[in-house]
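For reference, the structure is listed below as structure tokens.
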Amino acid sequence: MPAMESFYNLSFSDLEGQLKKNGLKTTAASLLFNWHYKKKNISPCVNNVSKDTISYIADNYNFELPKIHTVHEAEDRTVKFLFELSDGRRVESVLIPFHNKYSICLSSQVGCAMKCSFCFTGTQGLKRNLDASEIIGQFLGANQWLRTNRPDEERILNIVFMGQGEPLHNFDAVKKACEIFIAQEGMSIGIQKITISTSGYIPGLQRWKNEIPGVNLALSLHAVDDEIRNELIPINRKYPLREVLDYIDDLPLSKKQFVTYEYLLIADLNDSEAHARELGELLKGKRAYINIIPFNPFPGSNYQRPSDEKADGFKRILGEYKIPTLIRKTKGDDVLAACGQLNTAD
Ligand code: SAH
Ligand code: SF4
């Protein structure tokens, strides 16, 4: 008998297809999505579903979620989860609070192949891709934890792929997870609530327009100058920034949609007034938001975080170019839960 597949790898149309193939009523797909994704039950769905369907599901699919290995709760209510996957590998996810709602920062790979010089995950290399069920599982696992521990706050409204891994380097699984998140019959999360952050992996950008239209894009820009960007993001040599920007400029945006450009600010490397002006010139007139991320140091890192005054000055200059700019406040840094500090070895 084949190993049981995870139910959480099935998109709504996959599930309909499987039911049909097995001579079962496809209307059960809505009931199952409603039960497992809208109501977020992990127990089998028995309401209004035929006996044959119940046994087909029980015989062929499992509903196992990644196990929570450790949870760290920060002063500011940020929650960092270390999840253990079925093969013992670990990934992290972070719940980031705003009022009594949350954004969730999801991982897409164990480790990452891109080896950016400022990134803790990059130091580990790529161990493996996650499948859709392991991406969905982080969301459902965190949701279960909220249900038990903060029952009035079971509201995860935004999804950002900014944890471990380069999401576009695991395109198929990330795409399938997005399809499951947005399915009307299930979680029904608006596509405009999902953001994928990329270091500029062109093979994924080429597929974006046709396969995941409407998802928000964040580009890890970090430098306008190719020499500095090559040092920070080695794949810039293969996929140079100018080409990356051409693909991004070509994406159709809805009325209210912007592209986010993340700019990691590192002391004495890319934080001068001239760098700010270069950035302003590059992005002025585009539908752009800039997110300045002051570098988060980690043990063994060679870069320094700039002062708050330096970051404020950088932001002020971008204001002259009329580009909306935010300095990302580091949330949860008392438990090393800030983006880019995710680690699989606890
Ligand atoms: N691989 C994707 C998404 C995950 S990284 C990407 O690179 O875009 C999410 C964000 O955290 C990226 O903008 C990344 O550049 C940033 N980041 C990584 N290491 C960091 C660090 N040490 N300090 C601050 N931000 C960091
Ligand atoms: Fe990978 Fe993103 Fe880290 Fe670069 S910054 S190594 S792409 S996770």
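Order of listing sets the numbers, starting from 1, for every ligand and every atom in it. Basis for what follows: all heavy atoms, side chains included, without hydrogens, waters or symmetry-related copies. What you see is a predicted model; the values in this text were computed from it and never measured.
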### Message
When you measure from the heavy atoms of Gly163 to every atom of ligand 1, does any distance fall below 4.0 Å?
### Response
yes
### Message
Below the 3.5 angstrom mark, is there an N/O of Gly165, backbone or side chain, next to an N/O of ligand 1?
### Response
yes
### Query
Between Asn296 and ligand 1, which residue portion shows a heavy-atom distance shorter than 4.0 Å: side chain, backbone, both, or neither?
both
#### Entry: atom 4 (Fe) of ligand 2: protein N, O or S atoms [distance under 2.8 Å]
Cys116 SG
### Query
Where does His222 meet ligand 1, judged by heavy-atom distances below 4.0 Å: at the side chain, the backbone, both, or neither?
side chain
### Message
Applying a heavy-atom cut-off of 4.0 Å, say which part of Thr121 lies close to ligand 1: side chain, backbone, both or neither.
### Response
neither
### Task
Would you check whether Tyr201 reaches within less than 4.0 Å of ligand 2, judged by its heavy atoms?
no
### Derivation and outcome, salt bridge (charged side-chain N to carboxylate O under 4.0 Å, His left out), residues Lys67 and Glu84
CA-CA 5 Å; Lys67 278 197 226 48; Glu84 187 160 293; 5.1 Å; no
### Query
Are any of the N or O atoms of Phe118 closer than 3.5 Å to those of ligand 1?
yes
Report all side-chain donor-acceptor pairs from residues 233-240 shorter than 3.5 Å, counting only partners two or more places apart or in another chain.
unit_1	atom_1	unit_2	atom_2	d
Asn236	OD1	Arg229	NH1	2.6
Asn236	OD1	Leu241	N	3.0
Asn236	ND2	Asp226	OD1	2.8
Asn236	ND2	Asn230	OD1	2.8

### Task
Quick one: look at Phe120 and ligand 1, take heavy-atom pairs under 4.0 Å, and tell me if it's side chain, backbone, both or neither.
neither
### Task
Please work out whether any backbone atom (N, CA, C, O) or any side-chain heavy atom from C-beta onward of Glu262 is under 4.0 Å from ligand 1, and answer side chain, backbone, both or neither.
side chain
